[in-house]
Enquirer: 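One structure follows; several queries about it will come next.
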2 protein chains.
Amino acid sequence: MQNSFTEENYLKIIHALSGREGLEVSTNALAESTSTRAASVTDMLRKLAEKGLIHYKKYQGVRLTEAGEKVAINVIRKHRLWEVFLVEKLGFGWDEVHDIAEELEHIPSDHLVERLDAFLGHPRFDPHGDPIPDAKGNLTEPDYFILTEAQIGEKVRMMGVLDHAPSFLQHLDRAGITLGCLIEITEINEYDKSASVQINENHTLFISLEVSKNLLVQRR
Amino acid sequence: MQNSFTEENYLKIIHALSGREGLEVSTNALAESTSTRAASVTDMLRKLAEKGLIHYKKYQGVRLTEAGEKVAINVIRKHRLWEVFLVEKLGFGWDEVHDIAEELEHIPSDHLVERLDAFLGHPRFDPHGDPIPDAKGNLTEPDYFILTEAQIGEKVRMMGVLDHAPSFLQHLDRAGITLGCLIEITEINEYDKSASVQINENHTLFISLEVSKNLLVQRR
DNA sequence: ATCTATTTTTAGGTTAATCTAAATTTTTTT
DNA sequence: AAAAAAATTTAGATTAACCTAAAAATAGAT
């Protein structure tokens, strides 16, 4: 049987909230993320459990089953491939694609996804640096770390963002911080933990702790 | 307010059934085309009328209003642009794209459509030869005619199909009849009205009346 | 012009996904 | 360990899009 748009969204969100460890996700957390009320979540959980997509015991929170995980990862694959398409082929900014991809991710056709993947050249990462699961559902999280964990004087490469909010991404655009750029931390301000950084060995600026906390980087 | 997937489909189908003249469409015809029952159609018509998208008087059939026409044409524009994308960019066959485009046509983003249109080079026709409305909603039907109306000895160019069924399109593929090919009618068989035709001045074959009736051609 | 057949609408239900309010269970605090 | 607080579930409605069966309106045939 087919999963609805709504069911796919629940599975995707459960996947996101349960993290790598597959922790139990609470009803309230789901209500928050789906912008619905807890009572509505309970209804949906019963339904997903009946379909064998989640492990669910009343009052105990939920985890995805193997089957549910598969569906969730496929939705994520589609979402990220469409984001690549929108940015690489249609010229959208990385701050503009989330909502559109949110719709496109539910178009049901394996044939379509595989052809899109090939058309895009089998990209490994989406425009925000998130890894794209392969056709078999293998999703390998790269071991990026948060900029706040880098040392003063260290040169790192910007590989992704934790916050996908358009306003945050636009802020990075204005600061000239793009995926793949080089960041060197020259100084940390003790007072507010803001950092002086040099981008691409070429211009210097201050970034707040809030920004640093949302930048994923890699040692070179 | 936003129109639902279902509402858009009704408008699209009313547009198709009412033809160029904007004839009244019957409830039963809509039930047939939407694969629902007449009672369900009546419910929807009342709703569309309330939204000002159709002219509807009980027992009198329906016509689109200006507003409804605009929505319908925009859906058609999106459908046909996505079909071009699927065939030209992803390499699908013209017999494979209808169902997928049927989903993609309801993705709501004007920005997306306009960028897609530009990416595709502002195509005027979709892979079946159907004209693509422009961004302002102008839809000019080219004056193609049906192959059955061509004379013996006449050379015409294949410009479109009336039937979009995969089986019909696959049949044309096997016969080597593609969009833009040259067709010369060499003979009409009196008995069953089948025709002998020469394709691209290069191979000859028989085509049934059924096929001829579904081929749109142009005098050269 | 009337009767019959067809078409369309109304009336009353169903299902998926939501809601509010109330009841229940779990967790936290004292 | 009891009371209070928080989280979760149940109960009972709502809305969109559908359904069946019955009633009403239109169209067709004599």
Enquirer: For side chain to side chain contact (heavy atoms under 4.5 Å, CB included), just list the numbers for A:Asp43 and A:Arg37, CA-CA rounded to whole Å, side-chain angles, deciding distance to a tenth of an Å, and then say yes or no.
Expert: CA-CA 10 Å; A:Asp43 286 349; A:Arg37 299 318 187 98; over 6 Å; no
Enquirer: Given 3.5 Å as the limit, does a donor-acceptor pair link the side chain of B:Arg63 with the main chain of B:Gly22, or not?
Expert: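 No.
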Enquirer: B:Gln60 has an atom CD; how far is it from atom P of D:dT26, in whole Å?
Expert: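 Distance, rounded to whole Å: 7 Å.
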Enquirer: Between B:Asp43 (CG) and C:dT10 (P), how many Å, whole number?
Expert: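 It works out to 9 Å between those atoms.
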Enquirer: Is the phosphate of C:dT20, meaning OP1 or OP2, less than 4.0 Å from a side-chain N or O of A:Arg37?
Expert: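 Yes, such a contact exists.
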Enquirer: Here's a test of your reading of the structure: between A:Lys58 and A:Ser35, which maps to the more 5' nucleotide of DNA chain C?
Expert: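 Mapping each residue to its closest nucleotide by heavy atoms, the 5'-most match is A:Ser35.
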Enquirer: For a quick test of reading the model: is some side-chain N or O of A:Ser40 closer than 4.0 Å to OP1 or OP2 of C:dT18?
Expert: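 Checking C:dT18 against A:Ser40, no side-chain N or O comes under 4.0 Å of OP1 or OP2.
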Enquirer: Starting at atom CG of B:Asn9, determine the distance to atom C1' of D:dC18, rounded to an integer number of angstrom.
Expert: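 For the pair B:Asn9 CG and D:dC18 C1', the rounded distance is 14 Å.
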Enquirer: Is A:Tyr56 touching bases, backbone alone, or none of the nucleic acid, heavy atoms closer than 4.0 Å?
Expert: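 Touches sugar-phosphate only.
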Enquirer: Answer yes or no: does a side-chain N or O of B:Ser4 lie under 4.0 Å from OP1 or OP2 of D:dA16?
Expert: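 The answer is no; no side-chain N or O of B:Ser4 sits under 4.0 Å from OP1 or OP2.
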Enquirer: Can you classify the ring geometry of B:Trp94 versus B:His128 as parallel (below 30°), tilted (30 to 60°) or perpendicular (above 60°)?
Expert: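 The rings of B:Trp94 and B:His128 lie parallel, inter-plane angle below 30°.
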Enquirer: Can you tell me the distance, in whole Å, between the CD atom of A:Glu50 and the C1' atom of C:dT15?
Expert: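 So the CD-C1' distance, A:Glu50 to C:dT15, works out to 14 Å.
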Enquirer: Within this structure, what is the CE-to-P distance between A:Met44 and C:dT15, rounded to whole angstrom?
Expert: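 To the nearest whole Å, that distance equals 16 Å.
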Enquirer: When you measure from the side-chain N and O atoms of A:Tyr10 to the phosphate of C:dT18, is any distance below 4.0 Å, counting only OP1 and OP2?
Expert: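 Checking A:Tyr10 against C:dT18: at least one side-chain N or O falls below 4.0 Å of OP1 or OP2.
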Enquirer: So if I take every side-chain heavy atom of B:Ala39 and compare against C:dT8, D:dC18, C:dA11, which nucleotide ends up nearest?
Expert: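 Minimum distance to the B:Ala39 side chain belongs to C:dA11.
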Enquirer: Respond yes when some side-chain nitrogen or oxygen of A:Asn28 is under 4.0 Å from OP1 or OP2 of D:dA6, and no when none is.
Expert: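 Looking at the OP1 and OP2 atoms of D:dA6, neither is under 4.0 Å from any side-chain N or O of A:Asn28.
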Enquirer: Evaluate the ring planes of B:Trp82 and A:Trp82, with Trp represented by its six-membered ring, and classify them as parallel (under 30°), tilted (30 to 60°) or perpendicular (over 60°).
Expert: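 Perpendicular, since the angle between the ring planes exceeds 60°.
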Enquirer: Take the protein atom CG of B:Leu45 and the nucleotide atom C1' of D:dC18, then report the distance between them rounded to whole Å.
Expert: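 Those two atoms, CG and C1', are 14 Å apart.
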Enquirer: Measure from CG on B:Leu48 to P on D:dA16 and round the result to the nearest Å.
Expert: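 Going from CG in B:Leu48 over to P in D:dA16 covers 12 Å.
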Enquirer: Phosphate oxygens OP1/OP2 of D:dA6: is one of them under 4.0 Å from a side-chain N or O of A:Tyr59?
Expert: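 No.
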Enquirer: Which whole-number value in Å describes the distance from A:Lys57 NZ to D:dT9 P?
Expert: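 For the pair A:Lys57 NZ and D:dT9 P, the rounded distance is 13 Å.
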Enquirer: Answer yes if the ring centres of A:Phe5 and B:Phe5 are under 6.0 angstrom apart, and no otherwise.
Expert: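 No, the ring of A:Phe5 stays outside the 6.0 Å limit from the ring of B:Phe5, centre to centre.
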Enquirer: Looking at B:Thr42, does any N or O in its side chain come under 4.0 Å of the phosphate oxygens OP1/OP2 on C:dT10?
Expert: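 No, B:Thr42 has no side-chain N/O under 4.0 Å of OP1/OP2 on C:dT10.
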